[in-house]
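Shown next, in structure tokens, is the structure this report addresses.
Ligands are counted one by one from 1 in listed order, and the atoms in each one are counted from 1 as well.
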Amino acid sequence: MSRRPFLAGNWKMFKTGDQAVAFIEEFVPLIGDLTDRDAALAVPATALQRAADAAKGSPVIIGAQNLHWENEGAFTGEISAGMIVSAGAKMAIIGHSERRQYFGDTDEWVSKKLSAALAAGLLAVVCVGETLAERESGRTFEVLATQLKGSLADFKAQDEKNLILAYEPVWAIGTGKTATKEEAQETQAFIRKELGSLGLPAEAIRILYGGSVKPDNAQALMAQPDIDGLLVGGASLKADSFAKIVKYGN
Ligand code: 13P
């Protein structure tokens with residue numbers, strides 16, 4: 001089955017509204033018409049509205065980096081799926097390893113956030129990945145299986161068009177140490193197999209790789225059969241480098 005490539009940037013805690021608009025104005029002409037792939041940017045909450053306005057009429061999908069599962073309430077500092085939609089955004093990253101590591105996101109929270117995102121019509125990018133200690137102790141597959149089972153606990157198969165998985169080995173994030181294409185492929189094939197054993201249409205679900213993706217390794221990663229897209233941190237902060245990644249192979 002051919003899965004449409006999905007190239008996403010995750011800006012993390014970088015860029016103001018003004019900087020987001022300037023980036024998009026530079027980036028959109030660089031990528032041109034995207035007939036055979038998707039491009040997305042997950043921006044800080046304070047830049048959502050302005051980024052979505054700036055991207056209007058372009059193929060660029062704007063998304064949030066996190067959300068709360070409740071629609072509204074006394075949850076200081078949080079934003080809801082409805083707020084993300086009303087800002088004009090169409091996507092949310094859920095369960096990024098930095099959320100799991102520094103802000104206490106658990107698989108149970110990821111599952112609740114996923115349900116809220118899908119109910120609001122957002123495209124949800126659910127992240128999983130092992131730490132260096134877990135990989136070195138041979139526990140990668142066990143850790144990923146647990147994360148997938150917990151994170152997708154309430155996921156209904158009819159929503160598969162709006163679910164994207166991202167494999168981000170924690171040891172490859174921001175370290176310059178990319179997983180080799182063979183390591184990423186092997187792990188992502190395992191993730192696809194697990195999706196199947198959870199009763200999900202695994203062949204239809206896109207699985208992204210993230211962790212020190214750069215313009216010069218994007219094409220080799222994308223040539224792997226189970227890598228359907230990339231989730232890019234540092235190299236998505238400059239319009240020309242992210243445009244090169246989006247246009248890999250051209
Ligand atoms: P880097 O591309 O900076 O390693 O970050 C990866 C990441 O965490 C994307 O979500």
Side chain or backbone of N10 under 4.0 Å from ligand 1, or both, or neither, by non-hydrogen atoms? side chain
Which word best sums up how the rings of F141 and F190 line up, parallel for under 30°, tilted for 30 to 60°, or perpendicular for over 60°? parallel
Spacing of S241 atom OG and K244 atom NZ [to the nearest 0.5 Å]: 7.0 Å
Below 30° counts as parallel, above 60° as perpendicular, anything between as tilted: where do the rings of F23 and W11 land? perpendicular
Which atoms of ligand 1 are found less than 4.0 Å from any heavy atom of A172? 4 (O)
Under 4.0 Å, counting heavy atoms only: does G211 come that close to any atom of ligand 1? yes
Just which atoms of ligand 1 are under 4.0 Å from any heavy atom in L231? 9 (C), 10 (O)
Can you tell which of Q65, K12, E168 gets a heavy atom nearest to atom 5 (O) of ligand 1? K12
CD/E72: more than 12 non-hydrogen atoms of other groups inside 6.0 Å: no
For ligand 1, which is the ligand I care about here, please tell me if E98 has any N or O atom under 3.5 Å from one of the ligand's N or O atoms. no
If you measure from each heavy atom of G174 to ligand 1, is any distance below 4.0 Å? yes
Would you mind telling me which of Q147, K149, R100, K112 makes a side-chain hydrogen bond (donor to acceptor under 3.5 Å, both in side chains) with D107? R100
Counting heavy atoms under 4.0 Å, the part of S97 that contacts ligand 1 is neither
Criterion side-chain contact (heavy atoms from CB on, under 4.5 Å) against L163, the qualifying member of I94, V125, I205: I205
Within a 6.0 Å radius of atom CG on N250, are there more than 12 heavy atoms belonging to other residues, nucleotides or ligands? yes
What is the closest protein heavy atom to atom 3 (O) of ligand 1, and at what distance does it sit? G234 N, 2.9 Å
Ligand 1 to G233 polar contact by distance, N or O atoms, under 3.5 Å: yes
